[in-house]
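The structure follows.
Below, chain A is the first sequence line, B the second, and so on; all start at residue 1.
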Amino acid sequence: MSNLGFGAIVNQFYDSYKTKTPQKLKFIDLFLIYTFLTGVFVFAYCCAVGTFPFNSFLAAFISCVGCFVLTVCLRIQVNPANNFKNISFERSFADYLFCNLILHLVVFNFLG
Amino acid sequence: MIYISKINIKNTKIKTKCTDKLLSIFIVIGIIVGCSIAESTTTTIKDFKITVGESKETLGNSKLVYEVAYGKKLSSSVDIPSNNVAKVVYKVNSNDKALVAQQASIRLYSLDGIDITIPMSYAQSEYSYTLSYKEIAKAFKSHSAEYTLEVIVSDSQLSTPIQWSVGTIKLNFAVQQSSPLSRYPEQKVISHLFRVPEARPSQTISTAFTGLVLAPSAIFVFGMLALGFNLSRFPTGMTFIYCTAFLASITAVTLLIIQYWISLTMVVTLRYLAVLLIPTLFFGQKTLSYLNSERPQLTKEKTN
């Protein structure tokens with residue numbers, strides 16, 4: 001194991017991810033990357049250019065962070081490796097939709 | 001002369017009626033004495049000036065002062081801008097002493113037929129009148145023109161009333177004042193002080209960041225394409241309708257939230273949302289329970 005370089009670790013991780021992770025989780029991961037990057041760019045704008053208009057920045061950032069957290073929760077519930085025996089995927093997805101609805105009502109309230 | 005002639009007329013009337021000759025003799029003596037007094041005085045107008053200023057309060061500091069000696073004329077026409085005021089001041093001296101004349105006025109007349117005589121007010125041995133557009137608008141019918149200014153002073157002590165044409169003044173009535181129907185006085189324009197707007201980034205930076213923020217969505221779309229869609233489990237038959245209606249309901253809720261951002265209030269939005277949630281829940285329950293039941297047993301066991 002000690003002989004493995006950084007590149008080899010990444011390759012192994014990638015292969016493992018590609019073969020063992022279900023398609024559903026890959027989609028969720030893709031969406032997580034999307035929200036994460038958007039949040040990073042919004043924050044970068046705030047740092048580099050300025051906070052004006054602050055409410056719009058808050059709305060965008062809360063939307064990104066909120067979405068990310070909710071999607072992570074969905075991923076945890078959907079992942080077969082975790083023991084959520086009583087909660088089906090459909091139930092998790094319905095919860096996810098409902099939480100997103102509430103989150104975005106708040107976000108659009110901030111948007112001004 | 002006017003006064004004397006008036007007295008004469010009155011006296012002749014009295015004469016005809018009065019039978020007492022003695023009384024008529026006294027009257028004649030009185031007239032002669034009066035005439036002699038009037039003729040012996042020299043009356044002049046002194047310190048005539050017109051001051052033009054923006055308001056009554058600022059007249060004292062105004063530099064627009066037009067002065068003219070008695071008997072002469074103003075070298076040029078006095079222009080009084082609209083919404084400004086002008087103060088006409090003069091003194092009447094009789095034998096170098098201030099005279100409180102019985103009549104002291106200014107007359108303004110134009111070629112168009114407007115002819116207004118304004119009485120002067122007397123204070124501290126001088127006559128003055130402050131001409132403000134607001135006050136004279138009705139009498140002058142808000143008619144902007146060049147008016148000839150005359151000073152008229154008459155008194156029983158004067159043998160001849162003074163009628164001195166000073167010159168011309170230009171009156172410029174503002175357009176608003178021309179409306180006789182205006183019920184309220186014209187107010188000064190209120191100039192508001194607004195907050196200095198926040199510093200904005202340049203258009204290039206804004207556009208660049210808009211593109212940057214939208215870029216991850218392209219990654220998402222391309223990633224989806226790379227992973228590949230699997231629509232094989234999309235329901236058919238009646239459930240297809242439920243599924244489509246569920247997607248449509250979610251879209252409607254999204255549009256409602258966007259509409260809330262654009263124009264609606266929270267109360268109205270929640271009311272519409274309550275209505276929209278009924279079909280969403282119904283179709284959602286139908287669709288998701290179908291998908292749950294249809295899932296291959298192997299996966300189901302894995303998941304649960």
Between OG1 on residue B:Thr287 and CD on residue A:Glu90, distance to nearest 0.5 Å: 10.5 Å
Atom CZ of A:Phe98 with >12 non-hydrogen neighbours under 6.0 angstrom: no
More than 12 heavy atoms of other groups within 6.0 Å of B:Phe222 CZ: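 No, the 6.0 Å shell around CZ holds no more than 12 heavy atoms from other groups.
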Nearest atoms (heavy-atom pairs only) where A:Ala48 meets B:Phe209: CB-CZ, 4.5 Å
side-chain contact (heavy atoms from CB on, under 4.5 Å) partner of B:Met224, the single match among A:Phe31, A:Tyr34, A:Phe27: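 With B:Met224 as partner, side-chain contact (heavy atoms from CB on, under 4.5 Å) holds for just one option, A:Phe27.
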Within 6.0 Å of CZ in A:Phe110, more than 12 heavy atoms from elsewhere: no
A:Phe93 CZ: over 12 foreign heavy atoms closer than 6.0 Å: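 Count not over threshold, so no.
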Distance-minimising heavy-atom pair for B:Pro216 and A:Leu37: CG-CB, 3.6 Å
Flag if over 12 foreign heavy atoms under 6.0 Å of CZ, B:Phe240: no
Heavy-atom pairs under 4.5 Å with chain B, option from A:Val107, A:Leu101, A:Thr35, A:Asn83 with the top count: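 Looking at each of A:Val107, A:Leu101, A:Thr35, A:Asn83 in turn, A:Leu101 comes out on top.
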Residue pair B:Val213, A:Tyr45: steps toward the side-chain contact (heavy atoms from CB on, under 4.5 Å) verdict: CA-CA 9 Å; B:Val213 166; A:Tyr45 177 84; 5.9 Å; no
Heavy-atom proximity to chain A below 4.5 Å, by part of B:Ile205: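 Contact with chain A is through the side chain of B:Ile205 alone.
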Which portion of B:Phe220 sits near chain A, non-hydrogen atoms under 4.5 angstrom: both
Other residues, nucleotides, ligands: >12 heavy atoms within 6.0 Å of B:Tyr129 OH: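 Yes, the 6.0 Å shell around OH holds more than 12 heavy atoms from other groups.
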side-chain contact (heavy atoms from CB on, under 4.5 Å) evaluation trace for A:Leu105 with B:Leu270: CA-CA 10 Å; A:Leu105 270 179; B:Leu270 288 177; 4.2 Å; yes
Gap separating the NZ atom of A:Lys18 from the CG atom of B:Leu227, nearest 0.5 angstrom: 10.0 Å
Minimum heavy-atom distance between B:Asn292 and A:Ser88, given as atom pair plus value: OD1-CB, 4.2 Å
Atom pair CZ (A:Phe108) and CG (B:Leu264), whose distance is rounded to the nearest 0.5 Å: 12.5 Å
CG on A:Leu111 to OH on B:Tyr260, rounded to 0.5 Å: 9.5 Å
Any donor-acceptor pair under 3.5 Å from A:Gln23 side chain to B:Gly228 backbone: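 Side chain of A:Gln23 to backbone of B:Gly228: a pair is present.
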Heavy-atom proximity to chain A below 4.5 Å, by part of B:Leu277: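 Side chain of B:Leu277 only, per the 4.5 Å heavy-atom cut-off to chain A.
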Those residues of residues 244-258 of chain B, ordered by number, that approach chain A below 4.5 Å (heavy atom to heavy atom): B:Phe246, B:Ile250, B:Val253, B:Ile257, B:Ile258
